[in-house]
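What follows is a single structure, written as structure tokens, with notes after it.
Scope of the values below: all heavy atoms of this structure, side chains included, with no hydrogens, waters or symmetry mates.
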Amino acid sequence: MNDTTYDQELDCKGMNCPLPILKTKKQVDAMDVGQVLKMEATDPGSINDMNAWSRRTGNELLSHNVEDGIYTFFIKKS
Amino acid sequence: MSEQKKMALIASQGTLDWAYPPFILASTAAALDMEVQIFFTFYGLTLLKKDIKAKVAPATNPAMPMKMPFGPKGFQDFEWPMPNVLMGNMPGFESMATGLMKQTFKNKGVASIEELRDMCLESGVKFIGCQMTMDVFGFQKEEFIDGVDVGGAATFLEYAADADIQLFV
């Protein structure tokens, strides 16, 4: 799943709610439609939060996985 | 995506702990493509000052855990059996508790109030200062950060009437 190709990445490790969402939003806004962002976070709430964010904003959450306490998200800008 | 949602908040408290909810909710709502307006009234008005001096008030928060933001994990996790109601009246205790809370927030990767406020403004959240309480407290618009509008109850209610979410903090 981590083989997904991406155009930009964002490191939100160590950040707490709501920073990962705010930083993701800012970066996705500056991307082109169709581009993919890889975001990494350590906040356990980020799975629910990222899902909610993508449903609300219409950006597609391609996948997410957890490994060693690091949550990796791939988001496609719509 | 459905039509744009709107959120109307009233921020009425000026302590550090209570300063967080309105700025967290507003910045996040904006990140969720919602339109947001915050009406700052009573002590909430102090959150619009250029320099935020918000403190925590342990005396009125008996449930507040007293923890240390440094040292080994066991030490940090230890809840100090301090009776906030008594200690809160000791000179300097409020400043100390405020410092500890700010440090803990920083250690845990939580944004500062100033950062969250900046992110709100950057993402188009509208700030309205309550004219009546400004008058009562003797606050001038010039003491506030740029971009603050001034209005009264009718200004808030007109916006809130069409909002999907209305919260009083």
Side-chain angles (χ1 to χ4, degrees), chain A residues 7-62 64 66-78, chain B residues 1-7 9 11 16-36 38 47 65 67 69-70 73 76-77 100-125 163-165 167 169:
Chain A
D7 304 282
Q8 295 193 21
E9 47 187 331
L10 176 65
D11 181 6
C12 291
K13 294 195 287 290
M15 293 180 196
N16 219 320
C17 168
L19 281 176
I21 291 290
L22 302 185
K23 303 257 178 199
T24 300
K25 165 71 173 169
K26 203 173 171 178
Q27 189 142 343
V28 167
D29 275 354
M31 286 167 34
D32 295 327
V33 173
Q35 284 193 314
V36 174
L37 174 74
K38 176 190 180 185
M39 192 276 269
E40 290 183 310
T42 45
D43 164 24
S46 58
I47 295 182
N48 280 334
D49 283 352
M50 284 303 297
N51 272 293
W53 176 81
S54 72
R55 282 195 294 270
R56 221 354 90 201
T57 60
N59 293 294
E60 194 183 346
L61 187 57
L62 298 175
H64 68 80
V66 197
E67 213 178 300
D68 298 329
I70 296 172
Y71 302 81
T72 307
F73 301 90
F74 289 96
I75 304 126
K76 188 176 180 185
K77 172 155 179 173
S78 302
Chain B
M1 188 177 53
S2 43
E3 65 177 275
Q4 192 180 28
K5 299 278 184 188
K6 280 188 183 185
M7 180 167 81
L9 296 181
L16 181 65
D17 44 351
W18 282 99
Y20 270 97
F23 288 130
I24 288 176
L25 290 172
S27 56
T28 306
L32 265 59
D33 291 332
M34 297 183 193
E35 189 189 300
V36 187
I38 314 178
L47 304 177
K67 295 193 174 187
F70 46 75
K73 193 174 184 302
Q76 288 199 30
D77 288 345
L100 292 177
M101 183 175 268
K102 280 188 176 173
Q103 190 57 47
T104 305
F105 278 8
K106 203 176 167 188
N107 291 351
K108 301 279 183 189
V110 180
S112 70
I113 293 296
E114 288 82 355
E115 282 175 89
L116 289 170
R117 185 175 70 174
D118 285 348
M119 289 192 216
C120 283
L121 287 171
E122 244 176 64
S123 53
V125 173
D164 303 276
I165 305 167
L167 296 170
V169 181

### Query
Using non-hydrogen atoms only, which part of B:Glu122 is less than 4.5 Å away from chain A: side chain, backbone, both, or neither?
side chain

### Query
Do the side chains of A:Thr72 and A:Lys38 get nearer than 4.5 Å, heavy atoms only?
yes

### Task
Report the distance from atom CG of A:Leu19 to atom CG of A:Asp43, rounding to the nearest 0.5 Å.
9.5 Å

### Summary
Rounding to 0.5 Å, atoms CD (A:Gln8) and CG (A:Asp32) come to a distance of 8.5 Å

### Part of A:Lys26 within contact of chain B (heavy atom distance under 4.5 Å)
side chain

### Choice from B:Gly109, B:Ser123, B:Ser27, B:Ala111 maximising heavy atom contacts with chain A below 4.5 Å
B:Gly109

### Query
Is chain A contacted by the side chain of B:Leu25, its backbone, both, or neither, given a heavy-atom distance below 4.5 Å?
neither

### Mutual orientation of the aromatic rings belonging to B:Tyr20 and B:Phe105 [parallel < 30°, tilted 30-60°, perpendicular > 60°]
perpendicular

